Amino acid sequence: MTQSNHDHQAKEPQRTRPNSTEAKIIEERRAKAEEMRANGQNPFANDFKVTHLASELADKFAESSAEQLDAAIASGEAQSFSIAGRLMAKRSFGKVAFGSLRDRSGDLQLSFFKPELSPELWSAMKKADLGDIVGCTGLMMRTQKGELSLKVNHFRVLTKSLRPLPDKFHGLTDTATRYRQRYVDLIVTPEARETFKMRSKALRYLRAFFDDRDYMEVETPMLQPLYGGAAAKPFETHHNALDMKLFMRIAPELNLKRLVVGGFHRVYEINRCFRNEGISTRHNPEFTSLEFYEAFATYEDLMNLTEELISGLAMHLHGKTTLAWGEHELNLSAPFRRLSVRDGLAQYAGVPTDKFYDRDALLEAAARYKIAKADKMPLGYLQMAVFEEACEADLIQPTFVTDFPLDVSPLSRRKESEPSLVDRFELYVGGQEIANAFSELNDPDDQRGRFEAQVEARASGDDEAHPMDEDFIRALEYAMPPTAGEGIGIDRLIMLMTNNTSIRDVLFFPLLRPEH
RNA sequence: GGGCUAUUAGCUCAAUCGGUAGAGCACCGGACUCUUAAUCCGUUGGUUGAAGGUUCGAGUCCUUCAUGGCCCA
């Protein structure tokens, strides 16, 4: 459990109306809890010893026939098992009843035979409500329909549930309630449980992927006196003791590169970033990023690594590299398509490759896409604004977009063959940006110039421009080896892997407006 | 920020042209020795998201607000 400093929610979001069915049900269930107390049973007990999981029993007896199990019970050789979990269903007859118990591993049927049970136990079973946490001890059997069941001989409500569960067949469809009361969603929505299991499995895969390649996992500050590493607006906060403004990080990039300077030549960090921007099906103010840096590598090396990572992840989770994505089917097998910004503008926006630097041609395209304030944009911003508008939504199959303008890439290494561009790529899949990578700029003087250009952009109104970071330049002056680095949006990656088109479906507790 | 759309019982959904707010699940009572969305019989449960307005009469029409969803910026 969480230790100390526990902030209790100021307001209880309980909306139970007096005289409603809900109020009636809660009252009835409280009365049952009181009745348990009167009978010397704690309705919130914690003294039940679990010996097995539902799925363990299902696996262990998967091959056992009804006759074998009956014979074991008759001979007294059958083993007794204790399981505990939430009572999810109850089907009661005159002298027989069945229940469904769900623990963290899955479901197992419970069976009750009145003639073989004490009146107290039968009555406790009858009084148990759907949603109660129950503990059961019994022997394994098969019903006449062949279903494996725990033939219960001890049964207790361990924790009384006071609120009714949603419709057992339709579950919960109201998205607002699903997100606000995720605990209920997880109880009744198998797809939600599956998505979050998949997410956890994906994170283990990613850590193993980098550990296997001799990367070191590191953690760098989320509270920073100076933010940077991306073009975004930060959250601000305040440290009382130092009476100092602090920012929540928008990216870990600059600190990770400081570690490369320090000699940790392969590092990765999987952690939260915070951006003070809008909320949509693709954006949550806090999100999880994976960033990794490898010295003596180029952005082209990272393309290969990224292909390996993503197709490997799909194989790990699904055993295949073709995945459903809404109405599309993604093919995540390597190699991924590569498309330069220049070619993208030519193919999708009708800006010929020889007009790539032609401001008028770009403005004409920007007008077609109704891009606001295009005339005020520096050339690189204009190129990217048109590119994003024209191409992004169409980049469904994995595509490395390469050769970004230098203007929009203040931390990337200059392209030697074309110094107005940088050695950078973004990976698009399913019409959204998944990854951003580049060969790192390690020339401290060039870096200072880039920062200065950003400071200038900020002065002329770009509030997402990168601030000056003198210490980072000082670090580069000690020499950072040639390095390539990449950031991957984990939430979006999980969306792809689980076929969820809203980021809210891959976050346990997405940020929402307050209920009241 | 703008447009469209939704909000009815704890949950999932109905309600014709503006004319008595209903059903299934859950709950409560009853029947039932093999169900698995059990079945059958009988009950209970409503400030129709909130506040105004139009009307003899509003779940339904209008305005504002709240909270979602989709699209746009």
Side-chain angles (χ1 to χ4, degrees), chain A residues 13-32 35 54 58 66 69-70 86-102 106-117 122 125-132 141-152 160-181 183-185 187-190 277-283 326 366-367 369-374 385 388-389 392-393 431 500-505 510-516:
Chain A
Q14 185 171 327
R15 288 189 299 173
T16 308
R17 296 174 197 168
N19 303 322
S20 63
T21 16
E22 187 183 32
K24 196 185 95 187
I25 289 170
I26 291 173
E27 201 178 309
E28 285 163 358
R29 292 189 175 199
R30 284 189 188 281
K32 287 182 184 176
E35 191 187 336
L69 293 168
D70 287 346
R86 195 180 294 274
L87 186 65
M88 295 304 295
K90 203 163 75 169
R91 299 175 289 276
S92 172
F93 301 81
K95 297 191 177 69
V96 182
F98 300 95
S100 181
L101 178 144
R102 175 177 303 153
D107 292 8
L108 187 69
Q109 179 166 273
L110 309 171
S111 54
F112 300 84
F113 298 91
K114 192 175 182 184
E116 303 176 35
L117 297 171
W122 184 259
M125 181 278 294
K126 294 288 272 189
K127 281 178 185 158
D129 289 302
L130 298 189
D132 286 355
M141 61 162 287
R142 273 189 196 280
T143 63
Q144 288 173 16
K145 292 279 168 64
E147 174 146 355
L148 212 49
S149 299
L150 187 75
K151 185 179 182 185
V152 177
K160 192 66 198 164
S161 164
L162 300 179
R163 288 177 179 269
L165 289 176
D167 186 293
K168 66 181 171 188
F169 183 63
H170 297 97
L172 202 53
T173 62
D174 181 65
T175 51
T177 310
R178 289 188 54 225
Y179 300 145
R180 287 187 199 284
Q181 296 182 246
Y183 36 89
V184 179
D185 185 38
I187 292 170
V188 300
T189 314
E277 292 165 359
I279 296 177
S280 76
T281 49
R282 297 169 182 204
H283 299 86
Y369 292 104
K370 300 188 173 66
I371 294 169
K373 298 178 194 161
E388 282 170 20
E389 200 58 39
E392 196 170 298
N500 279 302
T501 50
S502 172
I503 196 169
R504 291 174 171 182
D505 289 319
L511 187 68
L512 301 171
R513 283 194 172 82
E515 236 173 305
H516 295 294

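Computed from a predicted structure; not experimentally measured. In what follows, chains are A, B, ... by sequence order, proteins preceding strands, each numbered from 1.
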If I pick the [atom1] atom on [M] and the same atom on [N], what distance separates them, to the nearest angstrom?
N	M	atom1	value
C27(B)	U16(B)	P	31 Å
U55(B)	C40(B)	P	49 Å
G69(B)	C56(B)	C1'	38 Å
A9(B)	G24(B)	C1'	12 Å
U48(B)	A37(B)	C1'	28 Å
G46(B)	C4(B)	P	36 Å
G1(B)	C65(B)	P	12 Å
G59(B)	G18(B)	P	13 Å

May I ask you to evaluate whether [X] reaches the phosphate of [N], defined as a side-chain N or O under 4.0 Å from OP1 or OP2?
X	N	answer
Arg513(A)	G68(B)	yes
Lys24(A)	U43(B)	no
Arg163(A)	A26(B)	no
Thr173(A)	C13(B)	yes
Arg91(A)	C32(B)	no

Pair assignment for [N], Watson-Crick or G-U wobble, requiring both distances under 3.5 Å:
N	answer
C11(B)	G24(B)
U67(B)	A6(B)
G59(B)	none

When you check the gap from the basic side-chain N to the acidic O, do [X] and [Y] get nearer than 4.0 Å?
X	Y	answer
Asp129(A)	Lys32(A)	yes
Arg163(A)	Glu22(A)	yes
Lys127(A)	Glu35(A)	yes

Ser100(A) side chain reached by Gln109(A) side chain, heavy atoms, under 4.5 Å | no
Do Leu165(A) and Met88(A) come close enough that some side-chain heavy atom pair is under 4.5 Å?
-> yes
Closest nucleotide among [options] to the [X] side chain:
X	options	value
Leu130(A)	C32(B), C27(B), U36(B)	C27(B)
Ile25(A)	C28(B), G69(B), A26(B)	A26(B)
Asp129(A)	A73(B), C27(B), C70(B)	C27(B)

Side chains of Asp505(A) and Tyr179(A), donor plus acceptor under 3.5 Å = yes
Heavy-atom nearest nucleotide on RNA chain B taken for Lys126(A) and for Leu165(A); more 5' hit belongs to Leu165(A)
Please tell me which of Phe98(A) and Ala89(A) maps to the more 5' nucleotide of RNA chain B, matching each residue to the nucleotide holding its nearest heavy atom.
-> Phe98(A)
Which part of the nucleic acid, if any, lies within reach of [X] when heavy atoms closer than 4.0 Å are counted: base, sugar-phosphate only, or nothing?
X	result
Ser92(A)	base
Arg180(A)	sugar-phosphate
Lys32(A)	sugar-phosphate

Is the charged tip of Lys95(A) near the ring of Phe113(A): under 6.0 Å from the six-membered ring centre and within 45° of its axis?
-> no
Nucleotide G10(B), atom P - distance to CD of Gln181(A) in whole Å = 13 Å
Would you kindly give the CD-to-P distance between Glu22(A) and C28(B), to the nearest whole Å?
-> 15 Å
Is a donor-acceptor pair below 3.5 Å formed from side chain Asp167(A) to base G24(B), judging by atom type as modelled?
-> yes
Can you find a donor-acceptor N/O pair under 3.5 angstrom joining the side chain of Thr21(A) to the base of G45(B)?
-> no
